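Take a look at the structure set out below.
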Amino acid sequence: QDDLRITLIPGLTTDAFYITMNRGAQAAADALGITVDFQGAEEFDPVLQTPVLDAVIGRGPDAILIAPTDSVQMIEPLRRASEAGIPVITVDTFIDDGKYQDGAGDGDFPFSYIASDNTAGGRMAARYMANQMGGEGKVYVSNVRPGISTTDQREEGFKAEMAESFPNVEVLETQYNENDASLAASQFQAVLARNPDISGVFGANLFSALGAANGVESANKADEVTVIAFDAPTSIVNNISSGLVDAAIAQHPAEIGYYGVMTAYAVLTGNSVPVSIGTGFTVIDANNVNDDATAKFIYSE
Amino acid sequence: MRSLLNAWSWLFLILILGFFEIYAQTQTGSTLLFRIYNLQAISIAASQILLLGLGLTLVIVAGHIDLSIAFSTGFAAVVMALIVRTAGADAGWVTVILAMLAGLGAAALVGAVNGWLVAILNVPSFIGTLGTYGIARGAALIVAGGATVSIRNDHTRAFGNGDILGLPVPLVVAAVLTLVCHYLLKHTRFGAHTYALGANRASVERAGVNVKKHLILLFILSAFTAGIGGLIYTSRFSAGAANAGEPILLYAVAAVFIGGASLTGGQGTITGTVIGAFIIAVIQFGLVFCGLPPYWQFVAVGLVIIVAVLVDQSKDRLMGGKS
Amino acid sequence: MRSLLNAWSWLFLILILGFFEIYAQTQTGSTLLFRIYNLQAISIAASQILLLGLGLTLVIVAGHIDLSIAFSTGFAAVVMALIVRTAGADAGWVTVILAMLAGLGAAALVGAVNGWLVAILNVPSFIGTLGTYGIARGAALIVAGGATVSIRNDHTRAFGNGDILGLPVPLVVAAVLTLVCHYLLKHTRFGAHTYALGANRASVERAGVNVKKHLILLFILSAFTAGIGGLIYTSRFSAGAANAGEPILLYAVAAVFIGGASLTGGQGTITGTVIGAFIIAVIQFGLVFCGLPPYWQFVAVGLVIIVAVLVDQSKDRLMGGKS
Amino acid sequence: MTTLLKIDGLKKRFGGNEAVKNVSFEVNPGECVVLAGDNGAGKSTVIKMISGVYQPTDGKVYMNGALLTGKTPEAVRTAGIETIYQDLALADNLDPGLNLYLGREAVKHVLGVPYLDRKKMREDAAKVMLSLGIVVPDPTAPVREMSGGQRQAIAIARAIHWQAGIVIMDEPTAALGVPEQREVMALIERLKKQGVGIILISHNLPDIFAAADRIIVLARGVVAGERRPAETNDEEIVRMMMGATL
Amino acid sequence: MTTLLKIDGLKKRFGGNEAVKNVSFEVNPGECVVLAGDNGAGKSTVIKMISGVYQPTDGKVYMNGALLTGKTPEAVRTAGIETIYQDLALADNLDPGLNLYLGREAVKHVLGVPYLDRKKMREDAAKVMLSLGIVVPDPTAPVREMSGGQRQAIAIARAIHWQAGIVIMDEPTAALGVPEQREVMALIERLKKQGVGIILISHNLPDIFAAADRIIVLARGVVAGERRPAETNDEEIVRMMMGATL
Ligand SMILES: Nc1ncnc2c1ncn2[C@@H]1O[C@H](COP(=O)(O)OP(=O)(O)OP(=O)(O)O)[C@@H](O)[C@H]1O
Ligand SMILES: Nc1ncnc2c1ncn2[C@@H]1O[C@H](COP(=O)(O)OP(=O)(O)OP(=O)(O)O)[C@@H](O)[C@H]1O
Ligand SMILES: [Mg+2]
Ligand SMILES: [Mg+2]
């Protein structure tokens with residue numbers, strides 16, 4: 001069965017995380033001698049993802065790997081794939097409750113969910129930050145825009161962990177920057193102007209973190225303010241080396257892609273597969289940023 | 001003569017469909033055109049663009065623009081979803097319809113504010129509707145508490161994903177509204193005044209038309225069709241999202257302009273906008289269907305948009321009208 | 001008389017600054033205005049908006065629009081970053097400057113294509129630049145391989161984050177370009193023709209001006225200032241992103257319109273755009289500074305944009321010019 | 001004979017420039033009042049204040065004793081005043097028919113649904129224009145593509161097509177050919193016979209003398225004098241235009 | 001005497017309408033040729049083909065023996081032909097000074113950097129317009145705010161301010177007051193004395209006879225006849241306009 005064709009639909013095509021995921025998927029495809037296509041929308045948005053998905057279904061691949069852009073809104077569109085006889089596996093994000101094939105819920109049909117849990121990643125960021133700050137101080141989340149499930153979950157996990165385990169850390173209002181690093185920088189400076197004692201920022205995606213780091217740099221506050229980034233493309237890693245970013249919560253997108261394709265292959269060849277595979281996180285900070293072992297977790301560009 | 005030449009845009013649409021079909025037949029041995037599923041998917045995508053583009057066409061013909069539809073859609077979607085959710089999973093048709101009316105009311109409110117700003121306070125429409133864009137966005141997010149409002153209701157789901165005589169409901173709704181807007185723009189006094197307004201506001205004012213009222217109605221209409229887009233959205237996805245319309249705004253505007261409208265007003269037709277919406281939906285579907293790598297798709301969409309307008313213009317050259 | 005009345009927009013800017021200052025003094029016991037740091041932050045944010053808005057102002061005065069600057073910025077940013085990265089971490093000034101020139105060249109190419117489409121092929125600018133928006137976006141992503149291109153170079157970093165005589169470099173660059181564009185629009189033949197073009201293309205053509213060449217230059221200028229925005233972006237963030245300009249586009253357009261330009265052309269000034277960019281940067285900063293909850297910020301930004309235009313209009317009423 | 005239109009002390013200031021300083025006159029049924037005056041004297045500004053396009057800075061306009069000032073162009077038109085504007089005020093993208101009927105479009109009903117009756121409007125436009133001596137080559141073409149005189153004829157047609165009590169004409173023959181000019185002069189006579197009051201603005205002395213029952217000369221925003229054609233001559237009128245008072 | 005301008009067999013088709021079918025004539029230095037004709041006869045279309053605004057469907061234009069057809073309005077203007085268009089072609093948002101100098105703006109140098117010399121341009125505009133008898137109340141106001149006659153005077157000023165070999169005037173006095181009309185007629189005489197060739201389009205018979213050295217009558221796109229003023233009279237010209245040939 002070497003003419004199998006699997007399509008990987010990322011949350012958006014222009015993000016190092018998903019590009020790295022595709023790299024992992026291609027590695028698996030090469031190993032298996034099958035084909036994996038990469039097709040997606042320009043923004044993380046169900047309105048844009050649905051037409052792409054529809055067209056992919058029209059093309060009729062043997063399986064679909066998808067990072068659904070909304071847990072509720074993508075159920076109906078994905079059901080069409082399932083009804084057309086195309087096995088669905090979700091990667092990075094999930095639909096419904098994320099627990100598949102247990103007979104409960106509207107979105108029970110995907111075979112497997114392979115991801116590092118964004119909420120858990122947010123919690124991890126919170127723990128790291130709180131420890132850096134000695135368990136007290138003011139922090140805020142720099143986020144893209146409301147309504148994006150992955151970044152919303154990171155923020156949610158971050159806030160939940162702070163509330164549960166670090167009562168002395170005050171989490172200020174979230175600031176939305178529309179993916180504009182320049183606005184994120186100006187927002188940090190405004191937050192700082194209001195709260196001169198600010199001691200941490202959690203950048204929920206690349207541009208939020210880049211912008212926050214730049215704001216910290218302009219304010220000469222690199223020593224006082226802890227910046228945590230989610231995801232680890234090279235530009236964030238460079239900022240860790242230079243000390244502007246304290247740590248990055250790196251997911252393992254290549255692994256997700258690799259296991260995704262392997263799982264799909266298993267489904268297509270009639271084998272049973274686990275309904276969920278967790279791929280975990282690596283925290284990259286000044287201590288390990290130059291280790292050879294860390295290099296493989298840095299996202300490709 | 002004149003109306004026959006509109007055939008050019010149809011021709012272009014048919015050309016790209018033909019191109020994709022040939023590609024599908026020869027390269028993948030499948031078919032694009034002759035599968036109901038594909039046609040349905042394309043027409044649903046086109047409907048969503050169209051619902052934002054219909055009222056917008058009239059606004060643009062009148063020489064204005066409405067950016068706020070990006071969030072009139074979201075506002076309507078969120079308001080409807082909230083009411084359906086509050087009513088519970090087994091809310092009946094009546095409740096659903098009331099929820100839809102409430103959603104439309106929310107959208108129409110945005111439209112009325114736009115009309116007031118543009119018609120009464122003389123705020124340029126670009127900037128006035130950019131303001132209400134922000135306001136409607138904030139309002140939708142505040143009402144929804146920031147997240148998407150998910151609902152579970154069999155009626156809404158049937159409405160959003162069902163079909164009537166084999167045609168998907170969104171397509172049927174868009175088709176009905178298209179007819180209404182086409183009638184309005186082409187066959188009524190309201191439409192004639194809209195064209196005249198785009199060419200020369202003074203001509204309409206001096207002819208004794210109440211231009212302020214006219215403008216207010218235009219912006220309400222625009223918000224209204226966009227709001228219907230929001231209702232369809234909530235029904236299709238069983239969730240109301242404040243962002244529901246935002247990613248489509250640019251496509252809707254593009255559809256109107258591909259359809260022959262111009263920034264300066266006085267031109268444009270509903271038929272043109274329909275063709276524009278379908279051209280966009282077809283290339284988006286077709287490019288993925290053909291497996292063009294994603295970044296190349298941006299380039300291809302850009303090229304097709306330009307070529308669509310060039311084709312549309314070549315008819316003027318044939319008419320020999322210009323220089 | 002006339003120029004004095006421009007004071008209204010300044011007044012509004014000063015008013016919102018005053019409002020935020022009073023808020024800061026009374027509510028938080030701090031100051032917004034009297035800290036160099038805050039002013040720097042605001043002016044850097046305004047610079048980034050301004051760089052997209054400067055060339056755009058001339059294009060809009062001429063009665064056109066340029067959407068492609070959203071990705072001319074990104075294209076320039078990516079091309080510069082790629083070259084710097086290829087040259088390695090210790091690339092010298094010469095390499096960096098060559099990389100910048102290459103980035104500008106990439107942006108100017110987009111501008112030249114726009115000019116060709118609009119001037120020679122008569123494609124309406126909205127649709128033509130929407131096409132190149134897609135093409136430039138695709139090109140930037142293809143060149144960059146889809147993701148952000150990170151660099152490590154002390155020169156670029158110093159350029160993007162350093163200051164000259166206490167003024168941040170982005171501000172200085174934006175100020176110089178502002179002066180150039182102001183001179184061009186206000187004091188040269190090129191500027192006079194740009195205004196005339198916006199009012200009545202035939203008047204300029206029949207007066208014997210080469211309108212096609214003029215339009216091409218306008219679009220190249222617009223891509224050029226946007227491209228400089230891309231160079232600043234790459235230098236500031238040590239990363240070239242294809243979408244560097246996209247989120248700023250709407251703000252840049254808003255700044256131009258707040259500054260008194262109109263969709264129909266023939267109006268607008270660089271001073272106005274500068275005020276517009278600062279109004280936007282100040283409210284974005286000030287609202288966070290005041291601790292307004294995020295969704296309310298959307299509402300507040302929308303309101304301020306509308307009020308800014310209303311204030312700008314009240315001067316016309318005072319002049320008694322209209323009805 | 002009751003006064004049809006009474007203009008009382010109109011003033012209009014544009015910024016620093018007082019374009020109309022003090023203008024009063026009356027128009028009776030079946031009478032043609034000519035407003036003469038040099039360029040920039042304020043003639044067009046006066047008639048725009050009558051037709052509701054401008055609100056006067058001061059002064060009042062009465063029609064049949066009822067106050068007209070402050071009303072919209074819509075209300076003024078409904079009250080029975082039609083105006084031919086100097087800048088024509090055509091919608092350039094529409095055909096002559098729609099321009100003729102602008103604001104009062106003809107509709108036909110198909111199955112009870114109203115549709116614009118484009119055919120009727122086109123035919124009527126062609127008919128009215130023919131009565132002015134103008135043949136339009138393509139009646140479906142937008143008026144943008146018409147010659148200067150054809151455009152002016154459409155503007156005239158629009159004003160005379162409706163039963164009006166008063167017709168205001170701001171330089172209606174400026175772009176017309178010789179035969180068409182004669183048609184318009186004949187038209188004015190016909191309207192007068194029907195009891196319509198006419199305000200005519202013209203720079204053509206022979207036309208002024210031929211059409212006028214009274215000539216009111218404006219100079220720099222004020223009424224420089226009023227004459228019956230029989231009591232005066234070209235030279236006096238020109239002297240009054242140049243600013244010699246009474 | 002050498003021919004200044006030679007028009008040879010011009011044709012122009014707009015879609016299905018052949019607006020100009022076959023027009024040839026010549027203009028000599030110091031001569032005023034009047035193009036007369038009914039509305040829609042094709043007069044404005046002919047002069048737009050001369051000035052480069054329209055490309056003829058067929059036919060050629062020569063100036064001093066050199067081919068002019070196919071050139072841009074820019075090149076035609078540089079070759080020494082100034083045109084007053086019927087629609088004036090003003091930039092409504094600019095002041096009279098900039099409109100006068102449009103395309104040839106005056107600059108002054110400050111420290112070697114060129115700046116628009118707005119003051120000079122305004123003063124010149126006021127001066128030229130005064131020579132036509134027109135006073136503009138506010139020379140810094142955009143021409144949008146000017147009266148019909150003031151606007152026309154600016155268009156005339158623009159054409160006569162430059163040393164041209166040929167001046168084309170499409171109904172230049174249509175909106176002008178009586179004294180201003182006389183100024184323009186005097187101006188035409190002055191230009192003729194300087195050896196300038198003039199093409200005048202007018203619907204005013206007295207003006208036509210006063211200014212013309214030769215009258216060329218167009219009817220429905222063809223030359224219906226050519227007369228010297230002394231050889232003909234009003235009635236014959238009007239008959240020719242209405243389509244009676246030769
Ligand atoms: N909208 C406006 N804004 C400012 N000034 C204006 C405006 N309209 C007219 N004016 C000025 O008012 C004066 C009178 O103009 P008006 O148009 O009434 O003259 P007119 O008598 O009709 O002249 P013409 O015979 O040339 O048409 C002129 O000086 C003109 O510049
Ligand atoms: N751009 C155009 N497109 C189509 N038809 C046109 C265009 N311009 C002029 N025409 C038509 O060509 C014919 C001649 O027009 P032209 O403007 O040359 O007449 P004219 O002799 O100048 O008349 P007038 O004295 O009324 O100005 C008219 O029938 C007109 O409708
Ligand atoms: Mg007038
Ligand atoms: Mg003409």
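Order of the sequence lines sets the chain letters (A, B, ...), proteins ahead of strands, with each chain counted from 1. This is a predicted model, so every value here is computed, not measured.
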- Go through E/Asp234, E/Val135, E/Ile237, E/Leu176 and name the one with the most non-hydrogen pairs under 4.5 angstrom from chain D.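 That would be E/Leu176.
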
- Query: Highest number of heavy-atom pairs under 4.5 Å with chain D: which of E/Met146, E/Gln152, E/Arg182, E/Lys43?
  - Reply: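 Highest number of heavy-atom pairs under 4.5 Å: E/Arg182.
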
- Given that the side chain runs from C-beta out, which part of E/Arg220 has a heavy atom under 4.5 Å from chain D: side chain, backbone, both or neither?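 Looking at E/Arg220, nothing touches chain D.
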
- Item | Contact class of E/Gln181 relative to chain D, heavy atoms under 4.5 angstrom |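 When you check distances to chain D, only side chain atoms of E/Gln181 fall under 4.5 Å.
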
- Task: Measure across E/Ser147 and D/Gly40 and return the closest heavy-atom pair with its distance rounded to 0.1 Å.
- Result: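 Closest heavy-atom pair between E/Ser147 and D/Gly40: OG-N, 3.4 Å.
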
- Message: If the condition is side chain to side chain donor-acceptor pair (under 3.5 Å), which residues does D/Arg151 pass it with, not counting sequence neighbours?
- Response: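 Residues passing side chain to side chain donor-acceptor pair (under 3.5 Å) with D/Arg151: D/Asp92.
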
Give the member of [options] that has the highest number of heavy-atom pairs under 4.5 Å with chain E.
options                                : answer
D/Ala175, D/Ala153, D/Ser202, D/Gly148 : D/Ala175
D/Val178, D/Ile134, D/Asn204           : D/Val178
D/Pro179, D/Gly133, D/Pro206, D/Ser44  : D/Pro179

- Message: I'd like to know if the side chain of D/Asn39 reaches the main chain of E/Gln150, judged simply by a donor and an acceptor atom lying under 3.5 Å from each other, with no hydrogens or angles considered.
- Response: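 Absent.
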
- Message: Per the ring pair (Phe, Tyr, Trp, His ring centres under 6.0 Å) rule, what does the pair list look like for residues 132-158 of chain D, sequence neighbours excluded?
- Response: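 Found none.
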
